[in-house]
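Down below is the structure, laid out as structure tokens.
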Amino acid sequence: MTSASPEPISPRSPRVSAARRLAKRNFRGKERLFLAEGPQAVREAAAHRAGGEATLVELFATVEAAERYADIIGEARAVGARVHLADEQVIEDISTTVTPQGLVGICRFLDTPFEEILAARPKLVAVLAHVRDPGNAGTVLRCADAAGADAVVLTDASVDLYNPKAVRASVGSLFHLPVAVGVPVEQAVAGLKDAGVRILAADGAGDDDLDDELDNRTMGGPTAWVFGNEAWGLPEETRELADAVVRVPIHGKAESLNLATAAAVCLYASARAQRASGGCRSVTES
């Protein structure tokens, strides 16, 4: 058994009420706390620190989950998180998923100031401009992490990074790389350009073809990809900020690619070009 509290926490506990409120953006912003659900997210949260502080501050777990994931419970307690046993109804009340996995963590906000991202001289960045769907935002963050990006920037017109659906869709990648939030797109582009980063806007109607960019070996330097809204793409004023507007070629009969798929293709293309030595190689090679 774990070293969590021996009695399940009461559904009427103020701690449960406080956790439940974090499903709403205004409460998350006020408390600067968010929910991380499931063993993968909670494990990553327990391992993460920002500014010398542990990111995971509190954990609710069913008895069954506490036994199954005893290692996670131990990691949570090791970083000073308060651990509460809870019955399934409490977990369901706190969770935002249809089928909770028995673990719900409360975490500190972990976004990084944009200036710190620039100071680190990033080589590959994903900029989410006008992205409104939390699932897409989280999936692009996961793609950026997988491609080895140095950072992700969410503009002030994009969805809340800490929306539970975005956190789930990132599958733990939220805890792996710096993310700046609320940055005006003009400021993001200007700052990255000043840091020597080439700005590529991803757009299905772009004048430049991704295959041509790769063939011409123009993608080996520091690059930031700007991704737009799921339905209408990037507005003209944002496109004009970029050094090039690039389309992913459609070789078959599909009308288009969804945002997350296009982002994965673009980010991996840059990752491959940047890692090339005497010719391109797969980013999966050691």
Side-chain angles (χ1 to χ4, degrees), residues 23 25 28 34-45 48 55 95-101 104-105 107 109-112 117 122 124-183 185 188 200-204 206 210 223-234 238 246-248 250 254-272 283-284:
R25 181 172 186 170
R28 291 195 295 271
F34 70 100
L35 298 174
E37 304 178 36
Q40 176 66 19
V42 172
R43 190 190 305 277
E44 298 291 348
H48 186 272
T55 297
S95 176
T96 61
T97 61
V98 177
T99 55
Q101 295 178 274
V104 180
C107 305
F109 277 16
L110 43 70
D111 44 278
T112 300
I117 288 174
L124 182 57
V125 180
V127 179
L128 278 62
H130 315 284
V131 174
R132 303 294 177 83
D133 181 85
N136 277 334
T139 303
V140 173
L141 201 157
R142 182 184 184 187
C143 292
D145 180 22
D150 299 298
V152 173
V153 177
L154 273 74
T155 70
D156 54 357
S158 288
V159 69
D160 176 22
L161 171 67
Y162 302 110
N163 181 294
K165 187 174 181 180
V167 175
R168 287 197 303 274
S170 79
V171 196
S173 287
L174 171 63
F175 303 99
H176 294 167
L177 73 172
V179 183
V181 301
V183 184
V185 66
L200 300 181
D203 194 290
L210 181 62
T223 302
W225 282 97
V226 182
F227 303 108
N229 182 270
E230 299 84 350
W232 59 80
L234 289 167
T238 301
V246 181
R247 66 182 182 275
V248 176
I250 302 294
E255 178 186 5
S256 63
L257 296 174
N258 64 28
L259 171 63
T261 303
V265 172
C266 293
L267 290 165
Y268 266 89
S270 285
R272 178 174 180 173
V283 297
T284 61

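Residues P100 and E37 fail the side-chain proximity criterion, which asks for heavy atoms closer than 4.5 Å. Contact check for V181 versus F109: no side-chain heavy atoms found under the 4.5 Å cut-off. A heavy-atom distance below 4.5 Å is found between the side chains of V265 and L210. L154 is not listed as a side-chain neighbour of V131, based on a closest heavy-atom distance of 4.5 Å or more. A 4.5 Å side-chain heavy-atom check between F227 and D203 finds every atom pair outside the cut-off.
Between the OG atom of S170 and the CG atom of N163 there is a distance of 11.0 Å, given to the nearest 0.5 Å. Separating the CG atom in L110 from the CG atom in L174 is a distance of 5.0 Å, to the nearest 0.5 Å. Atom SG of C266 is separated from atom CG of L200 by 8.5 Å, given to the nearest 0.5 angstrom. In this structure, CG on L35 lies 13.0 Å from OH on Y162, to the nearest 0.5 angstrom. For the atom pair L124 CG and T223 OG1, the distance stands at 6.5 Å (nearest 0.5 Å). Between atom OG1 of residue T96 and atom NZ of residue K165 there is a gap of 10.5 Å, rounded to the nearest 0.5 Å.
R28 has a carboxylate O that lies under 4.0 Å from a charged side-chain N of D160, or vice versa, which qualifies the two as a salt bridge.
In this structure a side-chain-to-backbone donor-acceptor pair under 3.5 Å is present from R247 to G206. Side chain of S270 to main chain of L267: no donor-acceptor pair is present (N/O by atom type, distance under 3.5 Å, no hydrogens or angles).
Residues A188 and V153 come closest through the heavy atom pair CB-CG1, 4.3 Å. For the pair A45 and C107, the tightest heavy-atom approach, listed with the atom from each and the gap, is CB-SG, 3.6 Å. When every heavy atom of L234 is checked against every heavy atom of A201, the shortest pair comes out as CD1-CB, 3.6 Å. When all heavy atoms of I117 and T112 are compared, the closest pair comes out as CG1-CG2, 4.1 Å. The nearest pair of heavy atoms linking A224 to V127 is CB-CG2, 4.4 Å. A129 and V226 get closest at one heavy-atom pair: CB-CG1, 4.0 Å.
Considering only residues two or more places apart in sequence or on other chains, Q101 meets the side chain to side chain contact (heavy atoms under 4.5 Å, CB included) condition with P39.
Ring planes of F175 and F34: parallel class, angle under 30° (limits at 30 and 60°).
Across V185, N136, L128, a single residue satisfies side-chain contact (heavy atoms from CB on, under 4.5 Å) together with S158, and that is L128.
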Run L257 and V248 through side chain to side chain contact (heavy atoms under 4.5 Å, CB included) and show every step you take.
CA-CA 8 Å; L257 296 174; V248 176; 3.6 Å; yes
Chi angles and distances behind the side chain to side chain contact (heavy atoms under 4.5 Å, CB included) call for V152, L177
CA-CA 8 Å; V152 173; L177 73 172; 4.0 Å; yes
Result block: side-chain N/O donor-acceptor pairs under 3.5 angstrom for residues 138-145, not counting sequence neighbours:
unit_1: T139; atom_1: OG1; unit_2: G135; atom_2: O; d: 2.8
unit_1: D145; atom_1: OD2; unit_2: S173; atom_2: OG; d: 2.6
unit_1: D145; atom_1: OD2; unit_2: H176; atom_2: ND1; d: 2.7

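Within the structure, the ring-ring contact (aromatic ring centres under 6.0 Å, His included) test picks out no pair touching residues 129-158 (sequence neighbours left out).
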